[in-house]
Amino acid sequence: MTYFVFTLGCKVNSYESSAIATTLERKGYLLDEKNPDVVVINTCSVTHVADQKSRQHIRKFRKMYPSAVLVVMGCFMQSNKEYAKSELDIDILLGTSQRDKVLEYIEQFLTNREKIIAIEDNPRKFVKYEELNVTSCSENIRAYLKVQDGCDNFCSYCLVPFIRGKSRSRDFDMCLKEAKELVSKGYKEIVVSGIHVGRYGKDIDKTFSELIKSLSDINGLNRLRISSIELSEIDDEFLHLLNSRDNIAKHLHLPLQSGSNNVLKKMGRKYTREEFINRVKEIKKKVPDVALTSDVIVGFPGETEEDFMDTYNLLKELGFYQLHVFPYSVREGTVAASLPDQISPKMKNERVKRLLELSKQLEEEYEKRFINQRLDVLFERFDGQYNIGHTSNYLQIKVKSDYPKVGNIENILIESNNIVKN
């Protein structure tokens, strides 16, 4: 039997897809993208665009592989259960749970050829972390380690708490066990991932900082990177670890969403503009060269030009390295969808453009600080001419070479012409 797995969305989805692939391979399935017997699609539903892409790929792969068993799982399926049942030709429908039973469902379908619908009606009832019981892997030298699922934030624009359910932590020892196995397989960098990763431990009498300390203690782990964390969940112990331990990447992705107190309140974010500024300044004082990246939403209902400039000026003042900028996307079923003063697409796009221009400026300013310095680069890929990798603080570096050095860490003199522009 052969299989193919396709992933849309976030790093957590990448982890889960990798785990599914490992499960299938343990059963003897072979990867075959051209003629698979089983196709698994892991979907995303964070925006309308993500929904659209999920629908398009489901139809695309059904047409490409008409005789294959089509398994579709993930956030789009969880949030569009009735639509998927009636409008899409899918053999096995899963949501954001029961992925650990995927092999069982495939074998059941192959036996009786009857459609299987295994999507829970209320994800908020999920109280236990779903352990997939495999050591999954991702890229050549980097692996994702999922340690948490679900979210309790209930931001007014977001469906994730309703799709992924309550925040729940993975067993502490299982996290360490998988990380050690990944290191033993040769992975040089582990990316700690979750839907709301900073909430790790709240339900199992542990803390996120305890987990990071124990992971960084693993012998042979060259680099530990945090995928994304809310600023309010960075405690002093974590900052001490970030500053003192060489194998913890000097890079934090801190979702801001807005720099306006007016908009933050409407969004249901649990901090003010002033609190965010003060904490970031504290972080940069304790870890001077840290790279800070962020998510920003523009065009939230009622966002005025003054609100937008509060965001713009905050980002400029704090010197973020890179920005992920998103136009606000209406999600039916959220509080924000019913708010007055929805912003026109034209205005949203104009504000996105302005922030992307700022992001380019901030990126250049940050990178200039490291020209003529020597930094360790972990090489991740070879394109036939250059070895390309990242520094601890997320600079992407290319070094001309006649042969691949993937997996090597080298101390490189940073020059302007070897910094890769995204």
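Treat the numbers as computed from the prediction; the structure is a model and nothing was measured. For the numbers below, each heavy atom of this structure counts, side chains included, while hydrogens, waters and symmetry mates do not.
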Can you tell me how far apart CG (Leu93) and CD (Gln98) are? Round to the nearest 0.5 Å.
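Here the interatomic distance stands at 12.0 Å.
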
Interatomic distance, Cys175 atom SG to Asp173 atom CG [nearest 0.5 angstrom]
9.0 Å

Between Tyr271 and Pro255, the two heavy atoms sitting closest are OH-O, 3.6 Å

Do you know the tightest heavy-atom contact between Ser392 and Ile248?
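That closest heavy-atom pairing would be OG-O, 4.0 Å.
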
Contacts of type side chain to side chain donor-acceptor pair (under 3.5 Å), residue Lys81, not counting sequence neighbours
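Partners of Lys81 by the side chain to side chain donor-acceptor pair (under 3.5 Å) criterion, ordered by chain and then number, come out as Asp121.
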
So, [X] and [Y]: side-chain donor and acceptor under 3.5 Å apart, yes or no?
| X | Y | answer |
| --- | --- | --- |
| Thr304 | Asp307 | yes |
| Ser329 | Thr47 | no |
| Glu120 | Ser97 | no |
| Asn393 | Tyr321 | no |
| Ser260 | Asn262 | no |
| Arg331 | Ser45 | yes |
| Ser169 | Asp203 | yes |

For [Y], does its backbone N or O pair with a side-chain atom of [X] as donor and acceptor, under 3.5 Å?
| X | Y | result |
| --- | --- | --- |
| Gln78 | Thr96 | yes |
| Ser294 | Leu254 | yes |
| Gln322 | Ser359 | no |
| Asn222 | Glu189 | no |
| Arg62 | Ala68 | yes |
| Arg170 | Tyr129 | no |
| Ser18 | Ser14 | no |
| Asn261 | Thr272 | no |
| Ser156 | Lys266 | yes |
| Asn80 | Tyr83 | no |

Verify the neighbour count for atom CG of Asn112: are there more than 12 heavy atoms of other residues, nucleotides or ligands below 6.0 Å?
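Atom CG in Asn112 is crowded, with more than 12 foreign heavy atoms closer than 6.0 Å.
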
Around atom CG of Asn313, are there more than 12 heavy atoms from other residues, nucleotides or ligands closer than 6.0 Å?
yes

Salt-bridge test for [X] and [Y]: reply yes if a basic N is under 4.0 Å from a carboxylate O, no otherwise.
| X | Y | value |
| --- | --- | --- |
| Lys177 | Asp171 | no |
| Glu350 | Arg354 | yes |
| Glu230 | Arg269 | yes |
| Lys285 | Glu282 | no |
| Glu317 | Lys281 | yes |
| Arg245 | Asp217 | yes |
| Lys188 | Glu380 | no |

Consider side chain to side chain contact (heavy atoms under 4.5 Å, CB included). Of Asn42, Ile106, Ile20, which one does Val71 pass it with?
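Result: among Asn42, Ile106, Ile20, Ile106 is the only option passing the side chain to side chain contact (heavy atoms under 4.5 Å, CB included) with Val71.
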
Parallel, tilted or perpendicular, as decided by the 30° and 60° cut-offs, for the rings of Tyr394 and His251:
parallel

Hey, what's the ring geometry for His57 with Phe6, parallel, tilted or perpendicular (30° and 60° as the breaks)?
parallel

Residue pairs, two or more places apart or on separate chains, that pass side-chain hydrogen bond (donor to acceptor under 3.5 Å, both in side chains) and touch residues 192-201
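Checked against side-chain hydrogen bond (donor to acceptor under 3.5 Å, both in side chains) - neighbours excluded - the pairs reaching residues 192-201 are His196-Glu233.
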
Set out, in order, the CA-CA distance, both residues' side-chain angles and the distance that settles salt bridge (charged side-chain N to carboxylate O under 4.0 Å, His left out) for Lys360 and Glu364, then state yes or no.
CA-CA 6 Å; Lys360 186 176 179 181; Glu364 290 176 352; 5.0 Å; no

Can you check salt bridge (charged side-chain N to carboxylate O under 4.0 Å, His left out) on Lys348 and Glu303, steps first, answer last?
CA-CA 10 Å; Lys348 289 180 190 178; Glu303 181 187 65; over 6 Å; no

Working for salt bridge (charged side-chain N to carboxylate O under 4.0 Å, His left out), residues Arg279 and Asp236
CA-CA 11 Å; Arg279 188 59 169 158; Asp236 290 341; 3.7 Å; yes

Intermediate values then yes/no, salt bridge (charged side-chain N to carboxylate O under 4.0 Å, His left out), Asp149 and Lys128
CA-CA 9 Å; Asp149 206 340; Lys128 187 177 180 182; over 6 Å; no

